[in-house]
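In what follows, a structure is listed as structure tokens, so that the remarks can point back to it.
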Amino acid sequence: MIKRFFFIFFFFVLFAFASYGQYLLEVRDSHSDEPLQGVSLSGVMNYEIRPNGVLEITKDAMENVDSIVVFRHGYDAYTLHKPFPESPALVYLNRLSQNLDEVIVAVDQSARALRKSPSSIAYRESKSLFAHQSAVPGSQLNALPGVYMQSGTNNTNRLTIRGVGSRTPYSSNRIRAYLGTFPLTDGNGVTVLEDLPPAIMESVEVLKGPAATLYGSGLGGVVKINTAGFDDYRQGALLNTKVGNFGRKMLGVGGMARNGHFAARGYASVFHSNGFRDNNRYERQTFYFNARQKVAQTTFSIMMLYTGLYGEIPSSLSEKDFRNNPSSAADNWQAVNGYEQYDRVGVNLQARTIIGQHWRNQLTVNFRHNDPYEVRPFNILDEETHAAGFTNRLKYYAGNWQVSLSAHLTRENYNWTTYETTDSGQGALINEMLDHKLHANTGLLMQWQPAGNIIAQAGVSLNHVRYRLKDLQQPGTTFERYQFDPVWSPSVGVNYEPWETLNLFAAISHGFSPPSLEETLMPDGLVNTDLQPEQGLMAELGLRWRYRKLLRLSATLYGLEITDMLVTRRLAEDQFMGINAGKVRHAGVEFQTIVRPLSFLSNPAVNLTITSTLAHSVNRFVEFEDQGNDYAGNHLPGIPEYNWYNMLHMELFGRYTLHLDHRMAGRQYMTDDNTLTYSGHQISSLSVSARVGQLHKPHVTFTTGIRNLFDTHYAGMLLINAPSFGGSAPRYYYPGTPRNGYVSVKFNM
């Protein structure tokens with residue numbers, strides 16, 4: 001049966017290579033790399049648009065044509081000149097600046113404008129998200145409504161979406177993340193975004209809430225980072241350098257080139273920081289390469305990503321040290337010079353194929369390798385991971401219907417070893433384990449547009465997780481097999497446009513998050529087979545409204561109920577285990593406004609954008625008993641009551657830029673019994689830049705700025721339910737970075 005399927009599939013692919021006397025033209029969004037619908041042509045009379053969006057022009061009609069102009073509402077026009085590229089041709093369109101109505105998002109797999117999505121999606125371009133020239137993505141993501149990123153150090157972060165993932169101690173869990181189509185989430189559900197250099201990012205999309213129909217496990221949602229595209233205006237080389245307080249130095253070089261159907265982009269960078277705390281040095285080397293080659297009606301691409309990291313760990317502090325000596329490191333981590341280092345390598349291969357008039361297919365294969373080594377006061381952890389994944393998405397277009405069938409399979413081999421920590425370094429072996437994971441899911445998503453102003457979608461997925469565990473210290477032992485029951489996850493949504501300026505949407509979706517290996521293991525090394533995956537059901541209502549170019553407003557009301565919530569119980573300084581904590585309920589409201597007060601002027605010398613996002617939530621335990629304590633009705637710790645972000649972005653004569661933003665995080669609880677709270681904080685940052693030279697010609701851009709403008713003393717990250725061992729005070733606080741400045745020079749050639 002499988003052989004027959006692949007035979008039929010490749011028959012269609014080969015059949016699609018023939019054009020039979022037609023000139024074929026595919027048009028994509030340069031930001032998201034998604035195919036564009038609703039494209040029109042000027043300069044040629046006879047052409048048709050296939051159901052899958054490909055434009056078909058008879059070659060007879062092109063004989064006396066010298067140029068063809070490609071149009072799409074909300075985008076810059078693109079002109080093809082004779083001699084025309086070989087058919088089938090590929091064209092990228094650049095979205096008009098300040099036109100958010102026609103942003104094509106890829107994270108919901110609809111390839112539709114953001115305003116027409118039936119899901120709650122946050123979107124931001126990297127030029128505003130990383131306007132303060134940070135070399136490490138972190139708290140900047142708090143500019144997205146419903147998203148909260150805590151940053152303890154450059155290499156210790158926790159990302160939550162609508163409060164989901166707040167119980168993970170030192171990393172980001174319960175979400176999925178992708179760089180393009182390359183997964184940034186490992187088999188344990190841990191996501192690492194802070195390794196990525198912002199220079200390779202074009203935009204960030206966040207699909208909030210369960211997305212099992214589209215991506216499998218991940219109750220919090222999905223983060224999709226779009227990389228820089230392959231449009232014509234960006235050929236050339238790039239040199240970028242930055243210096244700042246606390247010994248920060250960064251150097252990046254890159255470039256992009258095109259030749260016919262081939263295009264390639266690369267970027268390499270090194271970053272060093274001494275940190276403002278003791279035992280806080282951070283060094284990172286990154287290399288990124290992306291290339292694309294179009295062959296007939298298939299576009300092949302390869303992406304390679306390498307990260308080499310060394311990061312010292314100052315750990316969290318007690319309240320006394322946080323108030324009086326925030327630059328210090330925790331004594332036990334300072335004593336062993338705690339640190340982590342690793343080499344992370346990823347390769348992503350992709351083939352996008354146009355099949356006939358009604359089909360498109362996207363096949364992705366990825367390979368990942370990670371080799372971390374971490375020195376800790378209680379032990380040394382040596383890990384190694386090899387993983388391979390396969391994803392295929394087949395989409396059918398017919399009339400008012402789009403039907404997507406997806407299949408995903410990931411195999412991961414994870415080996416970890418712990419050693420005693422001694423004064424001289426690595427001591428005796430404690431344990432050595434090997435874990436083989438298999439994640440599989442298949443999904444069906446149908447989208448129906450019965451009228452021009454209504455889009456409905458429904459989907460269902462089947463998800464399965466199993467693994468095998470082996471204790472390598474026990475000679476002759478075999479793998480023990482474990483698995484979770486398959487999970488069905490349905491979803492439905494609708495987007496209704498009663499007027500041209502207003503879109504209303506509603507959705508209900510189910511999702512799940514399986515326990516990580518760390519959560520399933522008990523102190524004796526055995527697996528807790530009674531542990532169950534988290535499962536959640538979310539409902540949301542929202543609107544997106546716009547008034548000319550002056551105002552954009554979006555609002556969402558949501559509720560999410562999670563059963564069998566997973567929380568981490570800390571038994572000792574070096575012992576953790578997961579438990580199912582009963583039922584919790586997340587509810588909240590999110591707002592975003594974008595105002596351009598000078599948009600009524602024609603060709604204004606000053607462009608001014610004012611953005612404000614607000615997220616307010618109430619998150620409570622419905623049922624939760626732990627060690628004889630009943631926490632039902634209490635607030636979940638680690639989630640601010642509100643996040644409020646305001647930004648002013650001003651461009652003068654297209655050369656000078658001023659960017660000012662202000663973030664407020666509300667009160668949050670630090671313990672399950674709600675007896676300890678953190679009062680919240682406010683942070684402001686300012687940057688100014690000037691460009692010398694024309695935009696699409698060689699030019700230099702100078703940028704300087706100040707982060708934490710008013711030198712606020714705050715907690716960048718909190719450790720929930722921090723324990724106390726040996727009579728020492730519990731360490732809840734990771735101090736935030738004090739006021740610091742930087743200077744950046746960027747050469748575009």
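Note that the coordinates shown come from a computational prediction; the quantities given were computed from them, not determined experimentally. Quick note: residue numbers are just sequence positions, from 1.
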Would you name the heavy atoms of Arg72 and Ile104 that are closest together and state the gap between them? NH2-CD1, 4.0 Å

Check this for me, if you would: do Arg360 and Glu26 make a salt bridge, where the nitrogen-to-carboxylate-oxygen distance has to be below 4.0 angstrom? yes

Taking everything shown except Arg466 itself, do over 12 heavy atoms lie less than 6.0 Å from its CZ? no

When you measure from the side chain of Glu534 to the backbone of Leu566, do you find a donor-acceptor pair of N or O atoms at a distance under 3.5 Å? yes

Thinking salt bridges, do Lys294 and Glu86 make one under a 4.0 Å N-O criterion? no

Do Arg50 side-chain atoms and His358 backbone N/O form a donor-acceptor pair below 3.5 Å? no

Taking the six-membered ring of Tyr215 as reference, does the NZ or CZ atom of Arg393 fall below 6.0 Å from its centre and within a 45° cone about the axis? yes

Gap between atom CE of Met538 and atom OG of Ser509 - 0.5 Å precision: 4.0 Å

Are any side-chain N or O atoms of Tyr123 and backbone N or O atoms of Val103, one a donor and one an acceptor, separated by less than 3.5 Å? no

Test salt bridge (Lys or Arg N to Asp or Glu O under 4.0 Å) applied to Glu497 and Arg112, Lys116, Arg115, the passing residue: Arg115

How long is the span from the OH atom in Tyr396 to the CG atom in Asn52, to the nearest 0.5 Å? 10.5 Å

Please check: side-chain N/O of His408 versus main-chain N/O of Gly216, any donor-acceptor pairing under 3.5 Å? no

Within this structure, what is the CD1-OG distance for the pair Ile57 and Ser87, rounded to the nearest 0.5 Å? 8.5 Å

Spacing of Thr181 atom OG1 and Asn366 atom CG [to the nearest 0.5 Å]: 8.0 Å

Passing candidate, side chain to side chain contact (heavy atoms under 4.5 Å, CB included) with Ile225, options Ile200, Val206, Leu193: Leu193

How close do Pro118 and Ala507 get, heavy atom to heavy atom, and via which atoms? O-CB, 3.5 Å

Side chains of Arg162 and Ser120, donor plus acceptor under 3.5 Å: yes

Decide whether Asp108 and Ser117 meet the rule of one side-chain donor and one side-chain acceptor closer than 3.5 Å. yes

Where is the tightest heavy-atom contact between Gly165 and Thr160, given as atom of each residue plus distance? C-CG2, 3.6 Å

Measure across Tyr397 and Pro51 and return the closest heavy-atom pair with its distance rounded to 0.1 Å. CB-O, 3.3 Å

To check you understand the geometry: which heavy-atom pair defines the closest contact between Glu590 and Gly146, and what is its length? OE2-CA, 3.5 Å

I'd like to know if the side chain of Ser217 pairs up with that of Asn463 as donor and acceptor (distance under 3.5 Å, no hydrogens or angles considered). no

Give a yes-or-no answer on whether the side chains of Asn226 and Ser203 include a donor-acceptor pair shorter than 3.5 Å. yes

Quick check for you: to the nearest 0.5 Å, what is the distance between Met201 atom CE and Leu179 atom CG? 7.5 Å

Tell me whether Thr185 contacts the main-chain N or O of Val190 through its side chain, where contact means a donor paired with an acceptor under 3.5 Å. no

On a heavy-atom basis, the closest approach of Gly209 and Ile161 is N-CG2, 4.5 Å

Parallel, tilted or perpendicular: rings of Trp401 and Trp448 (30°, 60°): parallel

When you measure from the side chain of Gln532 to the backbone of Asp564, do you find a donor-acceptor pair of N or O atoms at a distance under 3.5 Å? no

Among Ser491, Ser489, Ser461, which residue meets the side-chain hydrogen bond (donor to acceptor under 3.5 Å, both in side chains) test with His510? Ser489

Is there a donor-acceptor pair closer than 3.5 Å between any side-chain N or O of Ser166 and the backbone N or O of Ile639? no

Determine, stepwise, if the pair Asp76 / Asn94 fulfils side-chain hydrogen bond (donor to acceptor under 3.5 Å, both in side chains). CA-CA 6 Å; Asp76 285 323; Asn94 291 302; 5.2 Å; no

So, the side chain of Lys224 versus the backbone of Val105: is there a donor-acceptor pair under 3.5 Å, distance only? no

So, Gln449 side chain and Gly452 main chain: donor-acceptor pair closer than 3.5 Å or not? yes

State the CD1-CG distance between Ile175 and Leu159, to the nearest 0.5 angstrom. 4.0 Å

Using a cut-off of 6.0 Å, state whether more than 12 heavy atoms not belonging to Leu349 lie near its atom CG. yes

Donor-acceptor pair, side chain of Ser554 and main chain of Arg544, under 3.5 angstrom: no

